[in-house]
Amino acid sequence: KRFEAQMWKDKPNVDKFKSFTLRNGGNDFVSSRVRDAFAQTLIGRHCDNINWMAYQPCICFINGVYKGIYDIRERSNEDFIEANYDGLEEIDMIENWHELKAGSDTALNELFAAINNPDVTFEEIESLVDIDELINHLVYNSFITNTDYPFNNHIIWRDITTENPKWEFVMKDLDRTVYENEDFDYFNFLYQYYDSYKDKSYNLASGIKLYCLLLENEKLRNLFIDRYIAYMGDFIHEDVAMALLQDMKTEIDAEYYNHCMVYFEDPDAQMEAWNWHFRNIKLWWGKRREFMTTFLADYLELGCVVPVTINTEGCTVTLNNIRLTQEHFMGAFYSGHKMTLVANDVDCDYGWLITKRYSDGSWEKRFTKTDQIDILAEENMESISVEINFKGALDDNTIEPTTVIVDESGITLRASQLLQRVALYDMQGRIVSDENVINKMSHTISVYQCGVYMMQVYYADGLTEVKKVLVR
């Protein structure tokens, strides 16, 4: 027997399932109560290769008695695989590296033998494990400081109907996250737990060792670095993550006081604490991303941090084979590290405007028409900005820092970096147009009278520039 319903808006195709669970927020019940749902939804919506538990808040009554807010969640057992993988039932599934949930644990010994071989190769690990998913888990759990993992709340599974089944992973219970200080060293945490378990539990130590290999094996480490860089400038960026958090708070905001009256002696105090926790998460998130950007450089000896912005203009773009989900990438690369950008929309008229600014105040710009570009971050660079699908009749050469085009559509500004605001004045100082254009790299102003105008350009990095514009 199965439930038949579209229970989770993020997974419309999961409409038949054997079971679900009602969750009260777990360890986060008295705090924000959405940490697990928020963390899983953020990566679930933006990551191409992740198994995660969908979320739907509800108001719960049991035998007519009001029980407040609960979360309808998928279950982290074999029912999850069946519902998400077209009825697949022939699987091996193991929780916390030793508890058999389905199938057999025989293949787990093969994985452990490989992990504990000091000469294990990338190819051997890749033949046993879904590398992409493995990397996704460590990138994300280390960023959100999940200290109830990977020795706990850890699920692996494999499809034994395939010829060469690989172990995959399932996100579970991320309620104990975003609690540590923003400068928490997660890699040291991993190694400490490995040392504490290696003489006590072969299984747990081996499981933790698998994640340590991402820091030790050169090929795995390079993939790990690329993924971390891409995610932090893309959907992990605080503008994206905190917008989701706010949406999730708003969804239950009106009901939360009624919920507090059931479970807390002082509902007003709990409401105040609840709002404080959301403010704290928002502050933490931006600080964590800033810390991890420099921490990765120091810990993995990656070189100098070079800020990078990429404006995709809605085109499908991959960064080192990782799909960007946002129009505006705002992150960093490291000196000596190459980024390869590939545009994949066949209908777009591709062009890339590349701006490199150097610490001595000089800059280099070029426009090129190609589907792919390679850019090497250099030690003396102050920033790199890239705009795709730049509209302009330009060849591969150096161009002005900011281009203004006047045609029948009006005055079009093509900027070399992200804009904040653009204002246009006539020669009497009267405002013709004054608009916020946050995180855009182009802006068009309709002008119906000929004459001379002054354009004040405000960039996102705080710089300003004045352009004199003649409309004939």
Side-chain angles (χ1 to χ4, degrees), residues 1-26 28-29 33-95 99-104 130 132-133 136-137 153-162 165-175 235 244-245 247-256 258-259 262 325:
K1 293 182 178 180
R2 291 169 178 78
F3 297 96
E4 294 191 16
Q6 286 193 337
M7 191 77 78
W8 299 285
K9 59 181 178 291
D10 284 306
K11 293 186 177 182
N13 294 327
V14 178
D15 55 6
K16 296 181 181 65
F17 42 92
K18 285 184 177 180
S19 60
F20 62 88
T21 185
L22 289 177
R23 213 158 180 242
N24 65 0
D28 196 37
F29 176 73
R33 82 168 309 283
V34 300
R35 271 180 166 88
D36 176 33
F38 157 68
Q40 294 219 34
T41 303
L42 179 63
I43 192 168
R45 285 184 180 177
H46 298 99
C47 184
D48 293 330
N49 190 5
I50 201 79
N51 290 300
W52 64 289
M53 305 289 148
Y55 157 85
Q56 174 61 51
C58 69
I59 299 171
C60 180
F61 291 84
I62 299 180
N63 295 330
V65 179
Y66 176 78
K67 292 295 183 180
I69 301 170
Y70 274 78
D71 305 334
I72 304 173
R73 305 298 300 274
E74 295 180 275
R75 291 190 68 192
S76 56
N77 61 4
E78 58 269 31
D79 292 352
F80 172 87
I81 304 302
E82 186 194 47
N84 282 268
Y85 287 87
D86 261 344
L88 177 62
E89 293 183 321
E90 295 180 64
I91 64 169
D92 295 333
M93 177 177 276
I94 296 164
E95 185 166 357
E99 184 181 347
L100 184 64
K101 290 288 188 179
S104 165
D130 185 321
D132 280 347
E133 252 198 304
N136 284 336
H137 273 250
N153 292 328
H154 192 282
I155 297 173
I156 57 174
W157 71 281
R158 61 184 209 138
D159 176 3
I160 59 177
T161 67
T162 60
K166 294 184 180 184
W167 290 105
E168 299 184 43
F169 306 80
V170 179
M171 286 276 181
K172 180 182 179 181
D173 292 2
L174 304 186
D175 48 330
F235 67 85
L244 172 62
L245 182 70
D247 287 346
M248 297 182 86
K249 180 180 186 296
T250 300
E251 193 171 18
I252 60 174
D253 212 341
E255 188 62 31
Y256 191 68
N258 295 329
H259 173 90
V262 175
T325 66

### Task
Let me see the working for N84 and N51 under side-chain hydrogen bond (donor to acceptor under 3.5 Å, both in side chains), right down to the final yes or no.
CA-CA 9 Å; N84 282 268; N51 290 300; over 6 Å; no
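- Test D253, D28, D71 against R33 for salt bridge (charged side-chain N to carboxylate O under 4.0 Å, His left out) and you get one pass: D71.
- Considering only heavy atoms from C-beta on, R23 comes within 4.5 Å of D173 through its side chain.
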### Query
Could you go step by step and tell me if Y85 and D159 meet the side chain to side chain contact (heavy atoms under 4.5 Å, CB included) rule?
CA-CA 10 Å; Y85 287 87; D159 176 3; over 6 Å; no
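- Of all heavy-atom pairs between P165 and R158, the closest is CG-NH1, 3.2 Å.
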### Full working for side chain to side chain contact (heavy atoms under 4.5 Å, CB included) between R73 and Y55
CA-CA 5 Å; R73 305 298 300 274; Y55 157 85; 3.8 Å; yes
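- Proximity of W157 to E78: side-chain heavy atoms (C-beta onward) are nowhere separated by under 4.5 Å.
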#### Entry: E133 and K166: CA distance, side-chain angles, deciding distance, salt bridge (charged side-chain N to carboxylate O under 4.0 Å, His left out) verdict
CA-CA 11 Å; E133 252 198 304; K166 294 184 180 184; over 6 Å; no
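- The side chain to side chain donor-acceptor pair (under 3.5 Å) test with K172 singles out one residue from H154, Q40, E95, and that residue is E95.
- Side-chain atoms of H259 and Y66, non-hydrogen and from C-beta on, do get closer than 4.5 Å to each other.
- Between D175 and G25, the shortest heavy-atom contact is CB-O, 3.7 Å.
- Taking the ring centroids of F17 and W8, they lie under the 6.0 Å cut-off.
- In this structure, W52 and T41 have side chains that are in contact, with non-hydrogen atoms separated by less than 4.5 Å.
- Contact between L22 and C58 at its shortest, heavy atoms only, is CD2-SG, 4.1 Å.
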### Task
Using the side chain to side chain contact (heavy atoms under 4.5 Å, CB included) rule, take H137 and I50 through it: C-alpha gap first, then chi angles, then the decisive distance, then the call.
CA-CA 8 Å; H137 273 250; I50 201 79; 3.6 Å; yes
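- Smallest separation of non-hydrogen atoms from K9 and Q56: NZ-OE1, 3.8 Å.
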### Derivation and outcome, side chain to side chain contact (heavy atoms under 4.5 Å, CB included), residues V34 and I252
CA-CA 10 Å; V34 300; I252 60 174; 3.9 Å; yes
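- For E82 (side chain) and E89 (main-chain N/O), no donor-acceptor pair under 3.5 Å exists by modelled atom type.
- The residues E99 and K101 are annotated as salt-bridged, a charged nitrogen and a carboxylate oxygen being separated by less than 4.0 angstrom.
- When every heavy atom of L174 is checked against every heavy atom of A39, the shortest pair comes out as CD1-CB, 3.7 Å.
- With a 4.5 Å cut-off on side-chain heavy atoms, I43 and F235 count as touching.
- Counting heavy atoms from C-beta on, the side chains of M53 and R75 never come closer than 4.5 Å.
- Contact check for L244 versus R45: side-chain heavy atoms found under the 4.5 Å cut-off.
- Enclosure of atom CD in E90 is not indicated, since only 12 or fewer non-hydrogen atoms of other residues, nucleotides or ligands lie within 6.0 angstrom.
- The two atoms that bring S104 and D92 nearest to each other are N-OD1, 2.8 Å, heavy atoms only.
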